[in-house]
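The structure appears right after this line, and notes come after that.
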Amino acid sequence: MAITFDKALGIHQQAIQVRADRAEVLANNIANADTPNYQSRDLDFKAILNGESKNVMRASTTNTKHVSTVIHPDFAADLMYRVPTQPAVDGNTVDVQEEMAEFGQNSLSYQASFEFLNRKFKGLKHAIKGSS
C-alpha cells in the first residue's frame, strides 16, 4: 500500500498557506487602525480549507501528485468584513485588541501546523533511512 504526501501530511500543508495569508490580512488591519473609514477584513479559514470559499480556485493538474486547490492571489476583493463591536466616529472598524488576539491565535495555529509537518517529515525521513 503506497502512502501519498496528501495522506501522510493531511490538511496541514494547506493550512500553513491559509494561516500565512490570514496573518497578512490581520497585520493589514492593525496597520490601518488609525485610517479613517478603513473596514476591518478577515478570511473564513474553515470555508477556504473546505473549498467552500470564492477565494479558492481549482487548478488543473498534470500529475496525480499535484495539489488541486490553491488560494487565488487576487482574493482581496472577496475578503469578509468584520462586524465591529464598537465602530469609531471616523468610520474605522478596526478593534486593535481583537485584531491582536486573532493574530496571536492565528500565529499559534500556524506554529502548531508547522510543528506537525516538521514531525511528519522527521518520521518519514526516519522510515526511509531506517534505524541506524
Side-chain angles (χ1 to χ4, degrees):
M1 181 170 110
I3 298 176
T4 65
F5 273 118
D6 287 340
K7 287 183 182 177
L9 303 178
I11 199 165
H12 293 280
Q13 60 185 352
Q14 291 91 3
I16 283 182
Q17 182 60 50
V18 175
R19 294 281 183 207
D21 290 340
R22 185 166 187 239
E24 286 183 42
V25 172
L26 294 172
N28 192 40
N29 288 344
I30 294 167
N32 286 290
D34 294 325
T35 304
N37 297 315
Y38 181 81
Q39 303 295 303
S40 183
R41 317 265 319 254
D42 203 352
L43 295 173
D44 186 351
F45 181 78
K46 289 180 183 178
I48 290 172
L49 288 183
N50 290 335
E52 299 166 359
S53 173
K54 292 183 260 182
N55 299 332
V56 177
M57 65 180 185
R58 300 278 175 207
S60 60
T61 58
T62 56
N63 187 312
T64 58
K65 296 180 183 178
H66 289 168
V67 176
S68 62
T69 60
V70 295
I71 296 176
H72 194 283
D74 298 325
F75 70 93
D78 293 329
L79 288 174
M80 299 182 317
Y81 288 99
R82 190 183 306 277
V83 177
T85 54
Q86 186 174 1
V89 175
D90 66 358
N92 187 303
T93 62
V94 176
D95 180 351
V96 177
Q97 286 78 24
E98 182 180 351
E99 298 296 333
M100 294 289 284
E102 290 291 332
F103 190 88
Q105 181 61 43
N106 189 62
S107 296
L108 288 173
S109 297
Y110 178 92
Q111 186 62 35
S113 289
F114 185 81
E115 184 63 31
F116 179 84
L117 284 176
N118 189 33
R119 290 182 185 192
K120 279 289 192 176
F121 279 119
K122 284 181 181 177
L124 290 171
K125 182 180 171 185
H126 183 5
I128 291 170
K129 285 186 173 183
S131 32
S132 30

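Side chains included, hydrogens not; waters and symmetry mates left out as well; all remaining heavy atoms used. One-based numbering along the sequence shown.
- Val25 and Phe103 fall into different hydrophobic clusters, where Ile, Leu, Val, Met, Phe, Trp and Tyr are joined by side-chain heavy atoms under 4.5 Å apart, directly or via other members.
- Within the model, atoms CE of Met80 and CZ of Arg41 stand 10.0 Å from one another, a figure rounded to the nearest 0.5 Å.
- A heavy-atom distance below 4.5 Å is not found between the side chains of Lys125 and Ile128.
- Open room surrounds CG on Asp34; 12 or fewer heavy atoms of other groups in view lie less than 6.0 Å from it.
- Side-chain contact between Tyr38 and Thr93: absent, with no pair of heavy atoms (C-beta onward) separated by less than 4.5 Å.
- Ser40 and Glu99 are linked by a side-chain donor-acceptor pair at a separation below 3.5 angstrom, with hydrogens and angles left out of the test.
- The salt bridge (charged side-chain N to carboxylate O under 4.0 Å, His left out) test applied to Glu115 returns Arg119, not counting sequence neighbours.
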*Could you walk me through whether Ile30 and Val94 pass the side chain to side chain contact (heavy atoms under 4.5 Å, CB included) test, one step at a time?*
CA-CA 7 Å; Ile30 294 167; Val94 176; 5.6 Å; no
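- Closest approach of Arg82 and Asn29 over heavy atoms only: NH2-ND2, 4.4 Å.
- Taking 4.5 Å as the limit, every side-chain heavy atom of Glu102 sits out of range of all side-chain heavy atoms of Asn106.
- Side-chain contact annotation: Asp21 with Gln17, donor-acceptor N/O pair under 3.5 Å present.
- When the side-chain contact (heavy atoms from CB on, under 4.5 Å) test is applied to Ala88, the partners found at least two apart in sequence or on another chain are Asp90, Asn92.
- Contact check for Leu26 versus Gln105: no side-chain heavy atoms found under the 4.5 Å cut-off.
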